[in-house]
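Each remark here refers to the structure printed beneath this line.
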Amino acid sequence: LGVVRIGPLAMVKTDANISPSVGLKLKSRIDHGNLWPVALTFGPMRFVVDDPAYALNTYEATATTAKKGCAAAGYLRLSRKLMSRQ
């Protein structure tokens, strides 16, 4: 997990695919105009999904190695922390 800034653009990078709902939550919680979640590799966690996806048995929810309540919350918390650094 990391943040790369290029001018007004901030890219939050991770080694797992981020579900669209988690990406939208990140954009809504961080006051930054141009923010893009970017998956650079397909790492061991494979997917970061929000908790409602587990009940739906989506492909991402069944393929992730993260447990419900962990991945999305941790991703959002650490991304906000990294974005707040100057």
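In what follows, residues are counted from 1 in the order of the sequence shown.
- Screening residues 40-61 for salt bridge (charged side-chain N to carboxylate O under 4.0 Å, His left out) gives Lys25-Asp50 as the qualifying pairs, with residues at least two apart or on separate chains.
- In terms of heavy-atom proximity, Arg5 sits nearest to Met83 at NH2-O, 2.5 Å.
- Judged purely by atom type and a 3.5 angstrom limit, Thr14 has no side-chain atom pairing as donor or acceptor with the backbone of Leu1.
- Between the NZ atom in Lys27 and the CG atom in Asn34 there is a gap of 8.5 Å [rounded to 0.5 Å].
- Between Thr64 and Met45, the shortest heavy-atom contact is OG1-O, 3.1 Å.
- Between the side chain of Ser79 and the main chain of Leu76, no donor-acceptor pair closer than 3.5 Å is present.
- When hydrophobic clusters are built by joining Ile, Leu, Val, Met, Phe, Trp and Tyr residues whose side-chain heavy atoms come closer than 4.5 Å, directly or via intermediates, Ile6 is grouped together with Val38.
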*Could you please spell out the steps behind the side chain to side chain contact (heavy atoms under 4.5 Å, CB included) verdict for Leu26 and Leu35?*
CA-CA 9 Å; Leu26 178 64; Leu35 182 129; 3.7 Å; yes
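- Within the 4.5 Å cutoff, the side chain of Ser21 has no heavy atoms near those of the Val49 side chain.
- Nearest heavy-atom pair, Pro37 versus Gly23, reported as atom, atom and distance to 0.1 Å: CG-CA, 4.0 Å.
- The ring pair (Phe, Tyr, Trp, His ring centres under 6.0 Å) check on Phe47 picks up Phe42, Tyr59, with sequence neighbours excluded.
- Looking at residues two or more places apart in sequence or on another chain, you find no salt bridge (charged side-chain N to carboxylate O under 4.0 Å, His left out) involving Lys13.
- Taking all atoms of both residues into account, the shortest heavy-atom contact from Ala16 to Ala39 is O-CB, 3.4 Å.
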